[in-house]
Amino acid sequence: MKIEQLLSILAPLRTIGSSDAEITSIGFDSRTAEAGQLFFAARGSASDGHDYIDAAIAKGAPAIVCEQLPEHTDPHALYIQVADSSAALGVAASEFYGRPSEKLRLVGVTGTNGKTTTATLLYDLFRSLGYKAGLISTVVYRIDTEERPSTHTTPDSVRLNAMLAEMVERGCDYCFMEVSSHSIVQERIAGLHFTGGIFTNITHDHLDYHKTFAEYIKAKKRFFDELPAEAFALVNSDDRNGLVMTQNTRARVSTYALQRFADFRCRILENTPEGMLLDENGQQVWTRFLGKFNAYNLTAVYGAARLLGAGEEETLRTLSTLTPVNGRFDTFHTPTGVTAIVDYAHTPDALRNVIDTINELRDGAGRLIVVVGCGGDRDRTKRPVMAQIAVEGADLAIFTSDNPRHEDPDAILAEMTAGMVASTRWLCITDRRQAIRTAAILAQKGDYLLIAGKGHETYQIVGDVRSHFDDKEEVRNAFGLTAGGQTTKI
């Protein structure tokens with residue numbers, strides 16, 4: 001591709017050098033720069049791409065996109081000054097890969113909790129309806145049936161458009177993707193054309209990055225502000241910020257709810273250890289999911305499917321066949337009569353939802369033991385809130401390490417328990433493996449054991465080292481379970 005083909009969409013403020021260069025790739029990491037690459041000098045939270053312009057040119061990059069022109073320029077390179085390098089990268093990536101988001105129906109799911117489940121179930125539903133589809137989620141990326149490891153909830157714009165292009169090439173009709181608040185602010189979704197957007201809820205999270213809750217809301221709202229007029233915006237109207245999301249959107253607004261009147265209204269008719277009987281807009285459907293939070297997720301899926309043109313009967317029939325997502329309420333029935341549950345709940349609201357669901361199921365029978373921690377280098381303000389929720393909802397809370405990253409695990413536990421009165425209802429065991437084993441020893445027949453916070457993750461990050469650690473494996477080992485045959489997912 002000639003650089004001239006990209007110049008107009010980049011809206012340059014100024015250019016220096018010849019625009020005859022042939023572009024064979026685009027990138028923003030000088031370590032992977034190569035001959036023929038259009039290099040974007042983007043400003044990140046940890047580094048500034050402007051510091052690596054010379055390194056990219058030395059590796060053969062013939063053209064540079066930057067916000068600030070260097071003091072000394074290379075006479076053999078083209079410099080393109082733009083207002084925002086990150087936004088320009090997204091637009092250029094879309095153009096370079098042939099605008100793939102315009103060639104399939106792309107639906108974005110944003111919110112604090114429920115993004116992974118909603119996006120994944122939409123992927124499963126439309127695959128069951130006979131369509132080819134793609135999935136971009138926290139747990140896994142899927143291009144039709146091919147699975148790839150997930151590195152970010154929403155990947156960078158180059159990788160994102162490259163995968164969308166592969167989906168188009170393989171005949172995918174739809175793509176369902178999680179849209180994180182980070183990706184919105186960092187312009188990773190710039191240049192994408194969305195058929196629809198879904199808002200699940202917004203609660204306490206990511207204040208380490210956004211600093212204030214108002215800025216967090218603003219980031220989510222921006223996604224809906226930028227939806228095209230022909231798109232749909234489906235929002236949870238039971239969430240107090242649901243309709244805030246669509247105040248300035250051009251998209252067609254639809255709502256879903258369990259408590260208020262909405263376009264897609266759900267009622268829980270039965271909630272049992274085997275599943276829920278739901279009423280979706282007057283039609284009953286049995287599902288294999290548990291808890292009010294999953295009723296919301298399923299209603300979002302039902303509403304989105306209907307807005308995408310799926311028939312009511314086939315949508316409800318398919319909903320009844322879907323199963324929970326990896327690391328979301330994974331349930332193990334042990335030989336000792338204990339029910340162990342592994343869940344990704346890592347925010348206050350998600351933890352409360354899972355604990356409330358378990359307490360409804362046990363209905364006063366047996367005890368609930370919760371093992372939970374908080375990640376390092378992340379929102380510190382939620383730590384005591386998480387601990388308080390665990391103590392209030394469980395008979396015993398064991399606070400332990402999550403992904404401490406560059407923080408002292410004991411210091412994280414100290415922040416979680418700050419101000420809490422010493423009690424037999426909680427204790428701290430820093431080593432996560434030992435905490436799970438201790439909980440398994442203490443659990444008796446009829447008890448429930450919740451291991452929260454990591455869910456699908458198969459690693460633990462300490463410092464800069466990522467070591468293998470799987471909560472589900474640890475549960476199996478603690479109870480003497482084998483990998484197959486004794487796990488029930490409900």
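Predicted model, so just to flag it, every value in this text is computed and none were measured.
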Salt bridge Asp144-Arg127, side-chain N to carboxylate O under 4.0 Å: yes
Residues which pass salt bridge (charged side-chain N to carboxylate O under 4.0 Å, His left out) with Asp239, listed by chain and number, not counting sequence neighbours: none
Axial cation check for Tyr459 ring with Lys454, 6.0 Å and 45° limits: yes
Minimum heavy-atom distance between Asp225 and Arg250, given as atom pair plus value: O-NE, 4.5 Å
Positive for salt bridge (charged side-chain N to carboxylate O under 4.0 Å, His left out) with Asp471, one of Arg433, Arg437, Arg432: Arg432
Charged N-O contact under 4.0 Å between Asp330 and Lys472: yes
Exercise: do Asn241 and Lys220 side chains pair donor with acceptor under 3.5 Å: no
Test item: side-chain donor near acceptor, Asn326 and His456, under 3.5 Å: no
Listed partners of Glu415 passing side chain to side chain donor-acceptor pair (under 3.5 Å), at least two apart: Arg380, Arg383
Pairing residues for Asp410 by the salt bridge (charged side-chain N to carboxylate O under 4.0 Å, His left out) criterion, not counting sequence neighbours: none
Arg105 side chain to Leu308 backbone, donor-acceptor under 3.5 Å: yes
Lys/Arg-Asp/Glu bridge criterion (N-O < 4.0 Å) met for Glu407, Arg405: no
